Every structure is written in structure tokens, then in C-alpha cells.
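Take a look at the structure set out below.
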Amino acid sequence: MALQLFDTYTRSVRTFEPLDPPKVGLYTCGPTVYDYAHIGNLRTYIFEDFLRRVLDWNHFDVKHVMNITDVGHLVSDADEGEDKMEKGSARTGKTAWEIAEFYTLAFKQDLERLNILPPTIWCRATDHIADQIETIRCIEANGYTYQTSDGIYFDTSRLDDYGYLGRLDIEGLQAGMRIDMGEKRNPTDFALWKFSPKDRQRQMEWDSPWGKGFPGWHIECSAMSARYLGKYFDIHCGGEDHITVHHTNEIAQTEACHHTRLANFWMHGYFLQLGEEKMAKSGGGFIRLETLIERGYDPLVYRFFCLSALYRAKLNFTWDGIDAAATSLERLRKAVYEWGAPSGEPDAGFVAQFETAINDDLNLPRALAVTWDMARSSLPAGVRKATMAVFDTVLGLGLMEWKPKTEGAVPADVQALVEERTKARVEKRWADADKLRGQIAALGYDVEDSPAGPVVKARK
RNA sequence: GGCGACGUGGCCAAGUGGCAAGGCAAGGGUCUGCAAAACCCUCAUCAGGGGUUCAAAUCCCCUCGUCGCCUCCA
């Protein structure tokens, strides 16, 4: 079955065909590095990783570009020019550059812990100021800009199909406006270049044909994607929140400059819901991957959790849900481990079922169901293992490498009790054995009898 | 105020016109001295109402509920 993907631009599932086979250009909007990523952010990167792996599965040659936004997105279009980087700087006393570096490293560590494949190319906004200026000049030369007292703006009324991606109701937006227009001509207009405030020095500012300042929110993606992937490439991804503003404006910029709609496919990951509301950096409920680790979960439990829902549906985060994922993943890992070494060919039938699921717009929940069917099938263990090796190239759960944890040293007193109990069991003194198990439990250890002898485990 | 999405068993979640995947939990069972682990079995008519159809969780309408976007946001 050929790969089918949902395209937000056309609001339909389409057969994916590269523009220039077998090459595939993939651009995924990266983080703004002014704070840690929360697990809601990470859900989107996990989705993009599944996409990347499914493209690999289909033998495409993927060039994956991810940006790091290390220059201030403005707090709003109409404000005084304060941005999140400078704000973070004021909060912590570090320079904006140090903050960007710190959170970039933290972000990359999160990706690594989640088994997310690194992109082919990382690119930072501050390394591409010249490209951004060049793109703005191009837009200006084509007549889509105007200047106000605080910057150069994109005139969205000049594009007939502005807002098509988000199916924006421009008049409706006018009616229910919640934003301060400033000097903008249309509510949907946005800054391409902002001037530095006259009364103070910004940490991040550059010279430009329009004066000293810094780039607007959306221009970096148009500029950097064009540099690395060309004016029109295969797939552009991001979170669902990007549909109506960020990606809509990227498309506007690129249409104004290059006369293309930037990407052939537009794909969006949907939000992780925390109880009744989305997880937000402002407000409560900021859960990081680190938070899960502190609570004793393997980071891959979160990846597994994301696997249980479609990328195109919101997913409810609950601790019960995480527990369920932890238990489930543990069982799968143990089973795969106990199968021993792979032998023979992967089972063609199950591989075909798996492929049908993932090629159907990344239906990972169904792929996971196939995985369980396969795991519990009557195939020889070696074949199951060989088949799982193939599945895990997409699942990315590290199933082939996993080993049961070798228990840390058990305290001598516990060990002594365990040995005493073993002796009691050999002599069939059951009451004594149970009593000893109780004593061991009181010290915080569980003892389980296996054919190979007792297994002692520290209680969580 | 405008636009949009969603509402499936105790929980998470597939399925979008033809007898409701999967995981977790729960109950029962096999195994075990007893347990644990593992394995097996059982467990839903799809928010409510109306309509279209031979046939609807799946299409249309209404009601109720929840959420997202419109402001930096994955």
C-alpha cells in the first residue's frame, strides 16, 4: 500500500509522492529556546519522528531540517519589542545567547531520551539573519510590505488567498478582534522586521536596509527552508496551533517572494490535553520529560504513550494513562527479551499488516495492535524477534536492545533472609517460608520464585 | 464575539455506511506449597433526540457537554 498522508492544506488524505523521488524534503518547526520543552511540545516532535521513520520505511531519501528559534519572537505584534529571549535574560541574569544555548542543549537531550532521530540539518535563526533579510527584500521588491514606526509589515490584503491553509474567515476575525492593531492596516498583517527600541540596547539586534533591529516571527522558517530545501519542498510540519498563524504567514511570505505555497504537504500534530486544558508554558501543568523521569518512568514510556493515539487527534494526559503505558511497555520488553536471538525471516503477513497501518496516515494505534497480535502469535520465538526488529525501526522503542535491569546489590540482611527462605522451602516448611517473605517485604523487597530460583526486587 | 474540532466499555484509544481493534484496570481460569510473573477466557451498540438508508458509532438536522484557534504557543 502506498503511503497516504493527511494534508492540512487540502484537508484531505492524499497519496504521498515525492516531488523529486526518491528524495524527500522535510521541514519541522523547532522550539523557541527560552525555556524547557514540556511533554506537550514533545508530543509533536515524537509525531514528526514517526513520520520520518515511516518515510524511511518506504525507502525515501529524507533530508530533514529542524530550526532552533533562538531570537525573540515578539510577545505580540503591537508591543514595544520585548521578546521572550530578552525576557528570559532579565529573569535569570544570563545573556540571551547563554539562555538559547542552555535550552537548546536541554531540548536535544530530551529528543535523544525519546529515541527521536536527529534531523539531517539543524539550523539556528541567528545564523541566518542575512537569509532572512534577503527574503524580506524579495517580499518588499514584489510590493507586499509597508513600514510603520516600529517595523516593516506584511500587507496580507495583497494576497487573494491569504489564510487559505487555516481557512481563515477574515471578516469574522475583524469582527471579534482581540488584538491591538497598533499601526497595522489589517488585523492579519504581521511584522517582517522590527526596529530596535530607541531608548535601549537589545542584546540581539542586527543592521538591515531598514535600520537596526531583528526579524519578525515567521520569516526564519521561510528563509531557512528555502535555503536548505528549496522554494517548494515535500512536507512541512508543526503543531496544530501553527495552522492559523505561523504557517499561514510562512505561506504568505513564500508566495509573495517565490510564488509557491512552500510545501506540497502540510502536516500538524495535535495537542496533548492535560485534564480539561492544553498544557501551556504559562499557567499550571507544566510537565517536563524530566518530571516523568523523577517519578521513576523510563522516558520511552512517554513515547509509547504517544503511540497509543493518532497524531491527528488530541490525546489526554493522565497519570493513569502513563501507568498503563508503563505496564504495557514493560510486558512487551520482557516478552521480546525472552524470545532470545532472532532467527529466520520476518513474518511477511504481519509485516504487511503493520505496513498497511503505518502507511494509512500513520495509524500507530493500529500498528501497535498488530504488534501485540504478532507478539502473542504462535510463530517461533526467533521469527517473532526478527519481525519485531522490523517493527521497531518505526516504533523506536529500543526493544531489541532492552535487558532486564540487573538488580542493585541486595543488602546482606535481606540476602540472608532470602537464603533462609529458600532453605525453608526446600524443606517444605511453608509457614516459615511465608513468614520470611513477610520479613523481607518489611525491609522493602519482594521475592518472587522462578524456575531459576528466587528473584529479589526492590519495591518502587 | 468569530472560526473549528471532539463526545466509543472503569481509564486511554482505533474504527467514519454492512455483525465495535488494541492497551491498562477488573472478574474467572491455568501454573504455583501459597503467591508473584507469564499465559488463556470474560467484559461496550458507540452523549441525547430526530431524519436519510435494505443497513449508521460512521451521512444530515437539533439539543447538551468538552476542548482548541483567533495573543507567544507543539
Side-chain angles (χ1 to χ4, degrees), chain A residues 11 28-32 34-35 37-48 69 72-79 82-84 87 163 166-180 187-188 217 237-246 248 268-273 275-282 304-305 307-332 334-335 338 357 360 363-373 376 424-425 428-431 433-434 437 446-451 454-455 457:
Chain A
R11 298 288 152 94
T28 56
C29 280
T32 303
Y34 69 102
D35 200 347
H38 60 238
I39 57 176
N41 301 127
L42 294 172
R43 183 187 180 202
T44 296
Y45 301 109
I46 291 172
F47 141 61
E48 290 161 352
T69 300
H73 275 185
L74 303 171
V75 170
S76 83
D77 255 341
D79 71 359
E82 184 181 31
D83 70 46
K84 290 194 284 196
K87 226 176 161 178
R167 305 294 192 268
L168 294 188
D169 172 356
I170 306 292
E171 299 194 349
L173 282 174
Q174 304 262 19
M177 252 201 346
R178 283 168 42 190
I179 48 172
D180 180 1
T188 47
W217 337 335
C237 297
E240 60 165 318
D241 55 316
H242 283 338
I243 297 170
T244 51
V245 179
H246 184 54
T248 289
H268 297 91
Y270 280 64
F271 278 157
L272 181 74
Q273 298 283 134
E276 301 296 80
E277 54 191 307
K278 73 167 181 171
M279 191 164 299
K281 290 193 178 179
S282 53
F304 187 88
F305 177 74
L307 212 43
S308 69
L310 294 175
Y311 78 89
R312 212 144 54 74
K314 66 183 170 67
L315 170 60
N316 286 317
F317 177 87
T318 60
W319 289 104
D320 282 349
I322 289 292
D323 281 338
T327 304
S328 190
L329 177 59
E330 178 76 8
R331 282 184 189 154
L332 190 61
K334 265 169 101 170
E338 283 163 9
D360 179 13
N363 194 323
L364 278 317
R366 219 164 75 211
L368 200 56
V370 172
T371 302
W372 281 112
D373 280 352
R376 289 173 175 160
R425 290 188 70 234
K428 298 193 191 296
R429 288 183 283 110
W430 309 126
D434 288 347
R437 180 158 59 197
D446 287 323
V447 55
E448 296 172 6
D449 300 317
S450 80
V455 178
K457 286 182 180 169

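Here the structure is a predicted model, which is why all the values come from computation and not from measurement. Protein chains get the first letters and strands the later ones, always in sequence-line order, with residue 1 at the start of each.
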Between [X] ([atom1]) and [N] ([atom2]), how many Å, whole number?
{"X": "A:Asp169", "N": "B:rG1", "atom1": "CG", "atom2": "P", "value": "15 Å"}
{"X": "A:Glu240", "N": "B:rA74", "atom1": "CD", "atom2": "P", "value": "12 Å"}
{"X": "A:Asp241", "N": "B:rA74", "atom1": "CG", "atom2": "P", "value": "6 Å"}
{"X": "A:Ile322", "N": "B:rG23", "atom1": "CD1", "atom2": "P", "value": "18 Å"}
{"X": "A:Arg312", "N": "B:rU16", "atom1": "CZ", "atom2": "C1'", "value": "11 Å"}

query = Side-chain contact, heavy-atom cut-off 4.5 Å: A:Phe305 with A:Phe317?
reply =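 Yes, their side chains come closer than 4.5 Å.
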query = Taking C-beta and beyond as the side chain, do A:Phe271 and A:Asp241 meet within less than 4.5 Å on heavy atoms?
reply =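 When only atoms from C-beta onward are counted, A:Asp241 and A:Phe271 do touch, with a gap below 4.5 Å.
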Sticking with atom [atom1], work out how far [N] lies from [M], rounded to a whole angstrom.
{"N": "B:rA36", "M": "B:rA20", "atom1": "P", "result": "34 Å"}
{"N": "B:rU58", "M": "B:rU53", "atom1": "P", "result": "16 Å"}
{"N": "B:rA26", "M": "B:rC12", "atom1": "C1'", "result": "15 Å"}
{"N": "B:rC59", "M": "B:rG7", "atom1": "P", "result": "10 Å"}
{"N": "B:rG50", "M": "B:rG18", "atom1": "P", "result": "23 Å"}
{"N": "B:rA37", "M": "B:rC19", "atom1": "C1'", "result": "37 Å"}
{"N": "B:rU16", "M": "B:rA57", "atom1": "C1'", "result": "8 Å"}
{"N": "B:rA56", "M": "B:rC73", "atom1": "P", "result": "46 Å"}

Determine the contact category for [X]: base if any of its heavy atoms lies under 4.0 Å from a base atom, sugar-phosphate if only primed atoms, P, OP1 or OP2 are that close, otherwise nothing.
{"X": "A:Val370", "answer": "nothing"}
{"X": "A:Tyr45", "answer": "sugar-phosphate"}
{"X": "A:His268", "answer": "nothing"}

Report the base-pairing partner of [N] (Watson-Crick or G-U wobble, both distances below 3.5 angstrom), or none.
{"N": "B:rC24", "result": "B:rG10"}
{"N": "B:rA38", "result": "B:rU30"}
{"N": "B:rA5", "result": "B:rU66"}
{"N": "B:rG17", "result": "none"}
{"N": "B:rC59", "result": "B:rG51"}

task = Using atom types as modelled and distance alone, determine if a side-chain donor or acceptor of A:Asn363 lies under 3.5 Å from a backbone N or O of A:Arg366.
result =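 Between the backbone of A:Arg366 and the side chain of A:Asn363 there is a qualifying donor-acceptor contact (under 3.5 Å).
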B/S/- contact track for nucleotides 4-15 of chain B, protein heavy atom under 4.0 Å = --------SSSS
ask   = Base, backbone or nothing for each nucleotide of nucleotides 31-45 of chain B, written B, S, -, heavy atoms under 4.0 angstrom, 5' to 3'?
value = --BBBBSS-------
query = Looking at residues at least two apart in the chain, or sitting in another chain, which of them share a ring pair (Phe, Tyr, Trp, His ring centres under 6.0 Å) with A:His242?
reply =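 By the ring pair (Phe, Tyr, Trp, His ring centres under 6.0 Å) rule, A:His242 matches A:His246, A:His247.
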task = Could I get the full list of ring pair (Phe, Tyr, Trp, His ring centres under 6.0 Å) partners for A:Phe304, not counting sequence neighbours?
result =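 Scan of A:Phe304 (ring pair (Phe, Tyr, Trp, His ring centres under 6.0 Å), adjacent residues dropped) gives none.
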message = Run the side chain to side chain donor-acceptor pair (under 3.5 Å) test against A:Arg376 and tell me which residues pass, sequence neighbours left out.
response =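 Result, side chain to side chain donor-acceptor pair (under 3.5 Å) vs A:Arg376: none returned.
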By side chain to side chain donor-acceptor pair (under 3.5 Å) - contacts of A:Ser328 (at least two apart) =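 Side chain to side chain donor-acceptor pair (under 3.5 Å) check on A:Ser328 returns nothing, list empty.
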Separation of A:Arg437 CZ from A:Glu448 CD (nearest 0.5 Å) =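 One gets 9.5 Å once the value is rounded to the nearest 0.5 Å.
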inquiry  = Pick the closest RNA chain B nucleotide for A:Gly269 and for A:Asp373 by heavy atoms, then say which residue is nearer the 5' end.
reply    =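 In this pair, the answer is A:Asp373.
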request  = Nearest-nucleotide wise, let me know which of A:Gly30 and A:Ala325 is further upstream toward the 5' end of RNA chain B.
outcome  =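 This one resolves to A:Ala325.
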